[in-house]
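Since the structure comes first, as structure tokens, the remarks are kept for the end.
Please read all numbers here as calculations on a predicted model, not as lab measurements. The first residue in the sequence is number 1, and the count goes up from there.
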Amino acid sequence: MMGTLVLYGVVFSFIKTEQFYFHADTYEYVTLANNLLDHHAFSRQLPEPEIIRTPGYPTLIAGTMMVAGHRNFVYFIIVLQTIFVAITAWLIARMGAGAFGSIRHGNIAAIVYILLPTTIWYAMVGMTETLFALLFISALSMHKYLWSGILIGLAILVRPIAMLSPFMIAPFLFTKRLRFGLVFLVGVALIIAPWMVRNHKLGFGASIAYIGSFNLAHGNATKFYAWQHHVDNQTALDMIQSEVDALILNKNIRPDIAHVQVAKKYIFADFPRYALFHAIKAMPFFVGSSLKEATTAFRSSDGSQNTSDIFIRGGGIFKKLWNEAPFTLESLVRGILTLLMLIGAWRAWKENNKFALLLFALILLFAVMSSPWASPRFRLPLEPYILLLALYGWHVLPKYKALHHRDADA
């Protein structure tokens, strides 16, 4: 805890509070927090209730504003997020010792997690990753399954991308005892159900948030259409949004349903090709450079030139990789780490380590769901499990090398 606070304090002395608002999402979170405190309404544009964002992170910001005030809350939340990183690292070390049987590997994974550029960066800015990572690993480390479900429910209200994770965790618990899985799902429902009831009463349907529907149309369908028809993303977005607007106007349907219908139209028009596109766009989740994310993403014009975009369009990729040699080197290391993770998953299957297999399934789930937006940012909450599985796989290699030499001698 003290080491993380000192290290991150030194980093903060260079970054300053201005970087807290580095992303457009941060302004929305702060606006929601302000309206929660000042008007007792969860809304970005008063008096309209909010449905795109969920209340998890804005509520944390509102809490820090209550303690430190509207002007100085940034300092408080950065200290809190640094503490979140330290607790997450401690839980990583415990998970390594418990689920993977190696205190040493747990400590290595924890230290690497603390030192990752993305971990440091997202502790300093107003984004959801640090809080989400803590809630998620706390839920997976909890042996009180009602509380585990409650924590997963809270994680979903911080980042709705986790909404499918209970459908993977519950079957794992069912294999231990039926009651464990049921209690876990009750915990999730205690948190999620009231929010879904609120949305339904406001006319938004029994949904958690509209963000997934919007991303499906504005991200998946738009980016696929742009690649397929060789147009820029803005042109594709304008066309798709015009179709969404026409559906809402002519058929009087909810915006989320309209976005999903239009997205499905373009995705399923050529699904095999879309599947290839989706797989390629998921690659940055595994091999994207965390150093690049922390130093250039969202803050330079070149940051928008995603390597996977250049690859999928063809041409210029080797020049870009050469010009970004430090980032390319990290991506190569990331590729090796991914291979070791796969070996770790194979070892888990051979040894019937069900918890390790659950972690691997969650990694794949988040990788698939984050495409085509995939980046080291979306990988950050899953870094602990990638690192632990990679070390789990690395431990296999010397054994097989020794076995090969023994067979050769025989």
Met124 and Phe22, any side-chain heavy atoms less than 4.5 Å apart
no
| query | Do Ile78 and Val74 have side-chain heavy atoms sitting under 4.5 Å apart? | reply | yes
Between Leu131 and the options Val158, Ile77, Thr88, the side chain to side chain contact (heavy atoms under 4.5 Å, CB included) test singles out Val158
side-chain hydrogen bond (donor to acceptor under 3.5 Å, both in side chains) pairs touching residues 72-87, sequence neighbours excluded, are Tyr57-Gln81
Correct closest heavy-atom pair for Ala348 and Ala356 would be CB-CB, 3.6 Å
Any chance CZ of Arg104 has more than 12 other-residue heavy atoms, nucleotides or ligands included, within less than 6.0 Å? no
Side chain to side chain donor-acceptor pair (under 3.5 Å) with Asn34: of Arg44, His39, His70, only one passes, and it is His70
Heavy-atom closest pair (Ala189 atom, Pro194 atom, distance to 0.1 Å) is O-CD, 3.7 Å
To the nearest 0.5 Å, atom OH of Tyr113 lies from atom CG of Leu116 at 8.5 Å
State plainly whether the residues Arg377 and Glu293 are in salt-bridge range, i.e. N to O under 4.0 Å. no
The ring pair (Phe, Tyr, Trp, His ring centres under 6.0 Å) partners of Trp195 (sequence neighbours excluded) come to Phe42
The side chain to side chain contact (heavy atoms under 4.5 Å, CB included) partners of Leu391 (sequence neighbours excluded) come to His105, Ile108, Ala109
Q.
Please determine whether a side-chain nitrogen of the Lys or Arg among Arg334 and Glu383 lies less than 4.0 Å from a carboxylate oxygen of the Asp or Glu.
A. yes
Side-chain donor-acceptor distances from residues 165-177 under 3.5 Å, at least two apart:
unit_1: Ser165; atom_1: OG; unit_2: Ala162; atom_2: O; d: 2.6
unit_1: Thr175; atom_1: OG1; unit_2: Phe172; atom_2: O; d: 2.4
unit_1: Lys176; atom_1: NZ; unit_2: Tyr145; atom_2: OH; d: 3.0

Less than 4.5 Å apart, side chain to side chain, heavy atoms only: is that true for Thr59 and Leu157?
no
Is atom CG of Leu46 surrounded by more than 12 heavy atoms (other residues, nucleotides or ligands) closer than 6.0 Å? yes
- prompt: Got more than 12 heavy atoms from elsewhere within 6.0 Å of NE2, His229?
  reply: yes
Within a 6.0 Å radius of atom CZ on Arg254, are there more than 12 heavy atoms belonging to other residues, nucleotides or ligands? yes
Next on the checklist: Do Met65 and Leu36 make a side-chain contact, defined as non-hydrogen atoms from C-beta onward lying under 4.5 Å apart?
Outcome noted: no
Tell me, yes or no, whether the heavy-atom count around Met66 atom CE, taken from other residues, nucleotides or ligands under 6.0 Å, exceeds 12. no
Between Gly126 and Thr26, the two heavy atoms sitting closest are O-OG1, 2.8 Å
Quiz prompt | Centroid separation Tyr210 to Phe204 less than 6.0 Å | solution = yes
Contacts of His200 meeting side chain to side chain contact (heavy atoms under 4.5 Å, CB included) (sequence neighbours excluded), chain-then-number -> Ala206
All heavy atoms of Ala374 vs all of Pro284, minimum pair found to be O-CB, 3.4 Å
ask   = Do the rings of Tyr274 and Phe224 sit parallel, tilted or perpendicular, given the 30° and 60° boundaries?
value = perpendicular
4.5 Å side-chain heavy-atom contact, Ile137 and Met95:
yes
Heavy-atom check, side chain of Pro58 versus side chain of Glu50, under 4.5 Å:
no
| message | Is the shortest side-chain heavy-atom distance between Ile114 and Tyr8 below 4.5 Å? | response | yes
### Message
I want to know whether Phe136 and Phe366 have ring centres closer than 6.0 Å.
### Response
yes
_side-chain contact (heavy atoms from CB on, under 4.5 Å) evaluation trace for Leu154 with Ile150_ = CA-CA 6 Å; Leu154 291 172; Ile150 288 171; 4.3 Å; yes
The residue among Thr338, Leu340, Val333, Leu332 that forms side chain to side chain contact (heavy atoms under 4.5 Å, CB included) with Ile336 is Leu340
*Are the side chains of Asp25 and Arg53 in touch, meaning some heavy atoms are under 4.5 Å apart?*
yes
Note to self: Would you say the ring centers of Phe271 and Phe268 fall short of 6.0 Å from each other?
What the structure shows: yes
In short, side-chain hydrogen bond (donor to acceptor under 3.5 Å, both in side chains) pairs touching residues 363-373 with sequence neighbours left out are none
| field | Aromatic ring pairing Phe277/Trp227, orientation class (parallel under 30°, perpendicular over 60°, tilted between) | value | parallel
